[in-house]
Number of protein chains: 2
Amino acid sequence: MELTERKKKILRAIVESYIRTAEPIGSKAIAAMPEMDFSSATIRNEMADLTAMGYLEQPHTSAGRIPSPAGYRLYIDELMQDYRLTVDETHSLNEAMTSRLQEFDNAISQMGKLVSQMTNLPAYAVASRRGSATVSRFEIIPTAGGFILVVMTDSEDVKNKLIKLPLHVTEQDLKLLSAVLNASLTDLPAEEFTPELLNRISRSAGPAASLVPVIVDFTTHVLQAQQKSEVYVTGQAKLLSHPEYQDVGKAHKMLSGLDEDVISNLPALVDPGHPMQILVGPENVAEELKDTSVVMTRFDIGDGMQGMIGVVGPTRMDYAQITARLSYFAEGLARMFGKQELPPAHEENKEES
Amino acid sequence: MELTERKKKILRAIVESYIRTAEPIGSKAIAAMPEMDFSSATIRNEMADLTAMGYLEQPHTSAGRIPSPAGYRLYIDELMQDYRLTVDETHSLNEAMTSRLQEFDNAISQMGKLVSQMTNLPAYAVASRRGSATVSRFEIIPTAGGFILVVMTDSEDVKNKLIKLPLHVTEQDLKLLSAVLNASLTDLPAEEFTPELLNRISRSAGPAASLVPVIVDFTTHVLQAQQKSEVYVTGQAKLLSHPEYQDVGKAHKMLSGLDEDVISNLPALVDPGHPMQILVGPENVAEELKDTSVVMTRFDIGDGMQGMIGVVGPTRMDYAQITARLSYFAEGLARMFGKQELPPAHEENKEES
DNA sequence: TTTAGCACTCAGGGAGATTGAGTGCTAAAC
DNA sequence: GTTTAGCACTCAATCTCCCTGAGTGCTAAA
């Protein structure tokens with residue numbers, strides 16, 4: 001069967017109505033729309049065709065039609081019209097961005113919160129680093145009673161650790177230690193930290209040998225953390241305000257699935273060509289998200305780092321509006337963090353105790 | 001009216017039954033319990049008394065009784081018996097702790113997750129630092145094309161930032177800069193970073209003067225972050241598995257209230273004398289939590305840092321079990337982070353590049 | 001090809017009716 | 001004086017039945 005222009009027009013009307021109201025819509029209601037100049041009977045015929053073609057579904061005989069996942073897909077790919085942000089919207093987006101994202105420290109989680117607020121849906125934000133993760137340099141700064149070990153990685157990440165000094169180790173010994181570390185462990189991925197290598201280092205380290213295990217441990221952690229990406233999920237409760245989650249069972253299943261492990265698998269799916277990606281219900285790879293849609297977008301923030309933000313929500317969500325807002329947000333971020341004078345290698349270290 | 005032993009016994013039976021089943025319980029069911037050797041009529045009389053005294057409530061005439069908040073309070077303060085962890089439980093708690101809390105880096109959020117899992121309730125974890133927040137020392141490490149600024153605070157926190165170097169600044173200039181910073185800004189709270197002071201610093205800093213604002217900015221951030229405590233909330237979805245939140249409206253209200261702002265007000269309530277604190281429903285200070293109870297406990301992890309973990313759940317929760325698990329966990333943490341050879345001033349720095 | 005008309009379907013909602021757990025009270029038993 | 005058995009009463013929850021109305025598919029006429 002052919003998908004005529006009229007069929008498309010009707011399909012679009014159905015999808016958009018359903019997005020707005022979350023209620024099945026019938027032939028009569030469509031016929032009543034100003035831009036429809038056919039009778040309800042005609043529309044009924046067309047709807048029967050669209051149902052046969054798999055674009056519509058009927059919850060039960062005497063209900064109206066709702067879009068099927070295939071219907072959403074078609075809508076997203078072909079029928080959706082760009083949503084234009086209003087002046088007010090750009091305004092408040094701008095303001096939120098500038099006021100909240102000052103510190104990069106927790107910018108990622110802030111992003112999540114922002115996106116969640118502006119979409120009224122749960123949002124997630126992921127920051128991932130690319131790159132090989134090796135140490136490019138060790139630095140040792142003596143302090144009273146100890147020293148600070150500074151580890152710089154090849155992706156310009158810097159981490160440090162305060163280490164207490166055994167009594168017998170002198171400042172001279174630390175210099176030696178530093179030299180040995182820099183000579184042996186730099187430019188080496190963590191997997192190649194073999195016991196033999198560590199032994200050799202301990203032997204060369206003189207009086208400071210006892211410190212080697214602590215240092216290597218820390219270094220390994222740093223390198224491993226380097227590969228891991230951080231995931232923040234916020235606004236889960238927002239799901240409950242949408243009618244499709246009025247059933248607690250469904251909401252519960254959904255929300256439990258919305259944890260970080262599931263989310264952290266999503267970024268892999270983003271097609272490098274298309275920064276914006278929409279996964280409609282059953283297209284979702286994560287089993288837990290089968291009932292929902294995911295809209296996600298990538299953004300670049302300087303070298304070595306890449307991020308993703310996205311929202312999760314009912315399949316019936318306003319894709320046009322959400323993609324518009326996400327895009328705007330992603331662009332804003334890239335601009336903010338891309339163009340600063342100082343390199344984006346912006347350092348913030350958290351220390352405990 | 002007097003609260004006889006028998007009344008207490010009955011109240012305890014009611015509370016514990018309600019904790020288990022979430023259903024109102026009637027006189028007959030209580031009389032059927034093995035340890036009760038009175039008839040249902042007697043128990044009915046006693047229940048009428050307990051209701052008059054405010055310890056029980058009746059959802060409606062023909063339902064059984066449920067404990068009132070005052071009833072819970074009495075139960076917690078006087079009737080609750082210590083819950084003894086089973087060997088299996090201690091086992092799995094131990095394992096979870098050791099395997100998951102290796103890195104202190106994100107230990108706080110890990111804690112939250114663990115507690116949430118072991119209680120099947122939303123959990124929060126807060127780490128707060130005490131202390132005045134001043135810089136005890138600046139350190140500058142030159143690197144190719146820039147330098148790393150290391151800021152050590154008085155509470156042994158260390159943070160760092162990578163800064164690009166303008167061409168005309170030499171290594172010698174950096175030494176001067178470092179000296180000036182250490183002379184002028186150490187031991188000074190951020191509020192005293194006055195414009196005049198900064199001007200004076202810029203003037204003394206020679207060719208590196210242009211870097212002063214960036215450095216001061218960063219330092220201020222570090223000091224401010226120092227005061228702020230981090231809050232993690234996890235497992236919100238777990239609420240939905242409890243019968244009191246089968247009503248989506250209630251669940252939604254609750255979950256929206258469960259955000260970080262509300263939670264971060266809780267720690268202030270912990271009585272220093274009693275590390276374990278239980279807030280029953282209406283006793284809650286946060287309006288949003290009026291319908292729920294909060295169990296929280298403090299733990300100390302070395303100098304300068306203090307933490308809190310807690311769970312939020314229906315007023316009908318198994319206080320005995322939960323307090324037992326939380327205590328065990330808190331003790332374990334204190335042990336793990338308190339007794340290590342190296343000082344708890346364990347440094348981990350996150351850097352964005 | 002479109003439209004009007006009509007019989008049919010079926011979820012949703014409301015009005016009783018029914019059930020049964022639980023109560024309070026009274027009077028007898030201990 | 002305390003405990004218990006008995007009984008009438010209450011009321012949420014559940015079930016049943018019926019009605020309503022939105023929506024459909026089909027047919028026949030325009």
Side-chain angles (χ1 to χ4, degrees), chain A residues 1-11 13-15 17-18 20-33 35-68 71 243-244 246-248, chain B residues 1-11 13-15 17-18 20-33 35-68 71 243-244 246-247 250:
Chain A
M1 203 174 318
E2 218 198 328
L3 196 62
T4 62
E5 276 310 310
R6 192 167 70 184
K7 282 194 173 59
K8 286 187 187 172
K9 190 171 172 187
I10 292 173
L11 178 57
I14 294 176
V15 173
S17 156
Y18 189 66
R20 232 173 321 108
T21 65
E23 298 288 336
I25 184 170
S27 51
K28 211 169 144 197
I30 296 177
M33 293 177 180
E35 71 274 24
M36 292 289 166
D37 13 60
F38 333 99
S39 79
S40 67
T42 309
I43 292 178
R44 258 195 315 276
N45 288 332
E46 296 285 46
M47 281 165 93
D49 289 351
L50 285 167
T51 307
M53 293 162 85
Y55 294 122
L56 295 180
E57 288 175 350
Q58 219 172 349
H60 55 85
T61 343
S62 69
R65 304 295 214 287
I66 61 173
S68 72
E244 22 276 288
Q246 286 316 88
D247 172 35
V248 178
Chain B
M1 202 173 319
E2 218 199 328
L3 196 62
T4 62
E5 275 310 311
R6 191 168 72 184
K7 283 194 173 57
K8 285 188 188 173
K9 190 173 173 187
I10 292 173
L11 177 57
I14 294 177
V15 173
S17 156
Y18 189 65
R20 230 171 324 105
T21 65
E23 297 287 336
I25 183 169
S27 51
K28 210 171 145 198
I30 296 177
M33 293 178 181
E35 72 274 24
M36 292 291 164
D37 14 60
F38 334 100
S39 77
S40 66
T42 310
I43 292 178
R44 254 192 320 274
N45 288 332
E46 295 286 46
M47 280 165 91
D49 289 351
L50 285 167
T51 308
M53 294 162 85
Y55 295 122
L56 295 180
E57 287 174 352
Q58 220 172 349
H60 55 86
T61 341
S62 69
R65 303 294 213 289
I66 61 174
S68 72
E244 23 275 288
Q246 286 315 89
D247 171 35
K250 217 174 168 187

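Here is the naming used below: chain letters follow the sequence lines, and residue numbers restart at 1 for every chain.
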Under 3.5 Å donor-acceptor, B/S40 side chain and B/A31 backbone: no

B/K7, NZ: over 12 other non-hydrogen atoms inside 6.0 angstrom: yes

Nearest-angstrom distance from the residue atom CD of B/E46 to P of D/dT4: 11 Å

Side-chain heavy atoms of B/L3 within contact of B/L50, under 4.5 Å: yes

Per B/R6 side chain, nearest of listed nucleotides D/dT4, C/dT2, D/dT3: D/dT3

Under 4.0 angstrom between B/T42 side-chain N/O and D/dT3 OP1 or OP2: no

Residue closer to the 5' end of DNA chain D, B/H60 versus B/S40 (nearest nucleotide): B/S40

B/S68 side-chain N/O to B/Y55 backbone N/O, donor-acceptor pair under 3.5 Å: yes

Length of the CD1-P vector between B/I66 and D/dA12, whole Å: 14 Å

Verdict with supporting geometry, B/F38 and B/R6, side-chain contact (heavy atoms from CB on, under 4.5 Å): CA-CA 10 Å; B/F38 334 100; B/R6 191 168 72 184; 3.3 Å; yes

B/I25 side chain near B/M33 side chain, heavy-atom distance below 4.5 Å: yes

Donor-acceptor contact below 3.5 Å, side chain A/T21 vs main chain A/S17: yes

Gap separating the CD1 atom of A/I10 from the CZ atom of A/R65, nearest 0.5 angstrom: 11.0 Å

Contact pattern, 5' to 3', of nucleotides 18-29 of chain C - B, S or - by protein heavy atom under 4.0 Å: ---BSBB-----

All stems with DNA chain D, defined as three or more consecutive Watson-Crick or G-U pairs under 3.5 Å: C:1-30 with D:1-30

